[in-house]
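Step one of this worksheet: look at the structure below.
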Amino acid sequence: LDKLIGEKGTLAEFVVLRDGEEIEFSIVREKVTAVSVMGRVCETDSKVGIVRITEFDLVTPKQFTKAVDELVSKGCDKFVFDVRNNPGGDLQSIKAVMTYFLQEGDLILSAIDRNGRVGNSYYAEEMKLAGEYASCNVSREEIGMYADLDMVVLCNGNTASAAEVFTATLRDYSLAKIVGETTFGKGIIQSIISLEPWGYKGAVKLTTGRYDPPVSGNYDGKGIEPQVPAVLTGEAASKNLFLLSESEDAQLLAAITEVKK
């Protein structure tokens, strides 16, 4: 990655080994904005919108509102939020996204230290951040704007961390049913401590606490169990999720069925 990154407008030249053949590429470097949210209309029911969230990074909140609003404008009034294989992401990002669903002052998560004491608690509220975090800002008018959507959350064993906060919070407030498989089970807080003050390069990552969802208990090491179990079997289970057609995706079909009830 370090070798490919460079100044905008310059050439990146590299070789890819594909099916035993070496293929040469020469591409012009440009600024890249990550796409972490993708929305589309269900193929079998135009009233159902499918929104896949691949991670919770700093661009996610605005991409999320754009995807949902576009689907609403197309006539969708039921939603499947797909967080399968979502490894998590940034705390401010997930706080912003959850604020779209909750009422002002609703608890999103609590940080618990190693002695079992509550440290910081995070609530749905107006967010006014600066710098790179400005993309996670939430206006007062945006608080709870998606609270009335009919929705389900689709998860699997690779749904982790902030994606589990998304899953657990919507479940705890009875806003969505959970479809799919038991999630990964990462409910801990990790801190990166630089070694530079001691004259060393690098850093140490330490587990410094856990985070608890609003109502249900901590799920670290256990995961969040779905209310509607659904698994992929056969050839579909070995395919990349992005390559599965809607008709092949038994988990997605189960989520679509559930949200239409």
Going by heavy atoms in the side chains, are [X] and [Y] under 4.5 Å from each other?
| X | Y | result |
| --- | --- | --- |
| Val51 | Leu71 | yes |
| Ile108 | Val165 | yes |
| Leu241 | Leu232 | yes |
| Lys3 | Leu1 | no |
| Pro61 | Val138 | no |
| Lys201 | Leu195 | no |
| Met151 | Tyr146 | no |
| Tyr100 | Ile143 | no |

What distance do [X] atom [atom1] and [Y] atom [atom2] have between them, rounded to the nearest 0.5 Å?
| X | Y | atom1 | atom2 | answer |
| --- | --- | --- | --- | --- |
| Leu244 | Leu252 | CG | CG | 9.0 Å |
| Ile50 | Leu154 | CD1 | CG | 9.5 Å |
| Leu170 | Ile178 | CG | CD1 | 6.5 Å |
| Gln190 | Thr208 | CD | OG1 | 8.0 Å |
| Met127 | Thr99 | CE | OG1 | 6.0 Å |
| Asp150 | Leu175 | CG | CG | 10.5 Å |

Check [X] against [Y] and note the closest heavy-atom contact, atom names and distance.
| X | Y | answer |
| --- | --- | --- |
| Arg210 | Ile189 | O-CD1, 3.3 Å |
| Ala255 | Val152 | O-CG2, 3.6 Å |
| Pro226 | Pro229 | CG-CA, 4.1 Å |
| Met145 | Glu141 | CB-O, 4.4 Å |
| Ala230 | Ala254 | CB-CB, 3.8 Å |

Point to revise | Test side chain to side chain contact (heavy atoms under 4.5 Å, CB included) applied to Val215 - qualifying residues, sequence neighbours left out | key: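 Here the qualifying residues are Asp172.
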Please identify each residue that fulfils salt bridge (charged side-chain N to carboxylate O under 4.0 Å, His left out) with [X], with sequence neighbours left out.
| X | answer |
| --- | --- |
| Lys47 | none |
| Lys31 | none |
| Arg171 | none |

Pairs touching [range] that satisfy side chain to side chain donor-acceptor pair (under 3.5 Å), sequence neighbours left out:
| range | result |
| --- | --- |
| residues 218-231 | Asp212-Asn218 |
| residues 85-98 | Asn85-Asn156, Asn85-Asn158, Asp90-Tyr133, Lys95-Glu125 |
| residues 35-44 | Ser36-Asp57, Ser36-Thr60, Ser36-Gln63, Arg40-Glu246 |

Point to revise | Lys74 with Glu70: basic N within carboxylate O range, under 4.0 Å | key: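 Judged by the 4.0 Å cut-off on N to carboxylate O distance, Lys74 and Glu70 do not form a salt bridge.
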Check your understanding: Do the charged groups of Asp249 and Arg84 touch, with an N to O distance under 4.0 Å?
Key ->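 Yes.
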Over 12 foreign heavy atoms within 6.0 Å of [atom1], [X]:
| X | atom1 | result |
| --- | --- | --- |
| Glu30 | CD | yes |
| Tyr200 | OH | no |
| Asp148 | CG | no |
| Lys66 | NZ | no |

Any chain of hydrophobic side-chain contacts (each under 4.5 Å) joining [X] to [Y]?
| X | Y | answer |
| --- | --- | --- |
| Val59 | Val37 | no |
| Leu107 | Leu91 | yes |
| Phe79 | Val259 | no |
| Ile27 | Ile23 | yes |
| Leu109 | Tyr123 | yes |

Does [X] use its side chain to pair, donor to acceptor, with the backbone of [Y] at less than 3.5 Å?
| X | Y | result |
| --- | --- | --- |
| Asp45 | Cys42 | no |
| Glu164 | Lys186 | yes |
| Thr159 | Val83 | yes |
| Asp106 | Gln103 | yes |

Point to revise | Criterion side chain to side chain contact (heavy atoms under 4.5 Å, CB included) on Cys155 and Thr183, from CA distance to verdict | key: CA-CA 7 Å; Cys155 58; Thr183 61; 3.7 Å; yes
Point to revise | Partners meeting ring-ring contact (aromatic ring centres under 6.0 Å, His included) with Phe184 (sequence neighbours left out) | key: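 Partners of Phe184 by the ring-ring contact (aromatic ring centres under 6.0 Å, His included) criterion come out as none, since no residue qualifies.
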Point to revise | Partners passing side-chain hydrogen bond (donor to acceptor under 3.5 Å, both in side chains) against Lys239 (at least two apart in sequence or in another chain) | key: Glu248
Exercise for review: Sorted by first residue and then second, give each ring-ring contact (aromatic ring centres under 6.0 Å, His included) pair with at least one member in residues 242-261; sequence neighbours left out.
Suggested key: none
Practice item. Scan residues 37-58 for pairs that pass ring-ring contact (aromatic ring centres under 6.0 Å, His included), counting only residues two or more places apart or in two chains. Key: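 As it turns out, the ring-ring contact (aromatic ring centres under 6.0 Å, His included) pairs with a partner in residues 37-58, which skip direct neighbours, are Phe56-Phe166.
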Exercise for review: Kindly determine whether Val41 and Cys76 satisfy side chain to side chain contact (heavy atoms under 4.5 Å, CB included), including the steps that lead there.
Suggested key: CA-CA 7 Å; Val41 177; Cys76 295; 4.0 Å; yes
Review point. Passes side chain to side chain contact (heavy atoms under 4.5 Å, CB included), Leu58 versus Glu132? Steps please.
Key: CA-CA 8 Å; Leu58 299 187; Glu132 62 178 350; 3.9 Å; yes
Exercise for review: Taking the six-membered ring for Trp and the single ring otherwise, decide whether the centroids of Phe81 and Phe64 are under 6.0 Å apart.
Suggested key: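 They qualify: ring centres under 6.0 Å apart.
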Review point. Can a donor-acceptor pair be found between the side chains of Asn120 and Tyr211 at a distance below 3.5 Å?
Key: no
Practice item. Go through the steps to decide whether Glu104 and Arg140 satisfy the test salt bridge (Lys or Arg N to Asp or Glu O under 4.0 Å), and finish with yes or no. Key: CA-CA 9 Å; Glu104 187 170 13; Arg140 186 166 297 277; 2.8 Å; yes
Could you pull out every donor-acceptor pair under 3.5 Å between side chains of residues 5-22 and any protein atom, sequence neighbours left out?
from: Thr10; atom 1: OG1; to: Glu7; atom 2: O; distance (Å): 2.6
from: Thr10; atom 1: OG1; to: Arg29; atom 2: NH1; distance (Å): 2.9

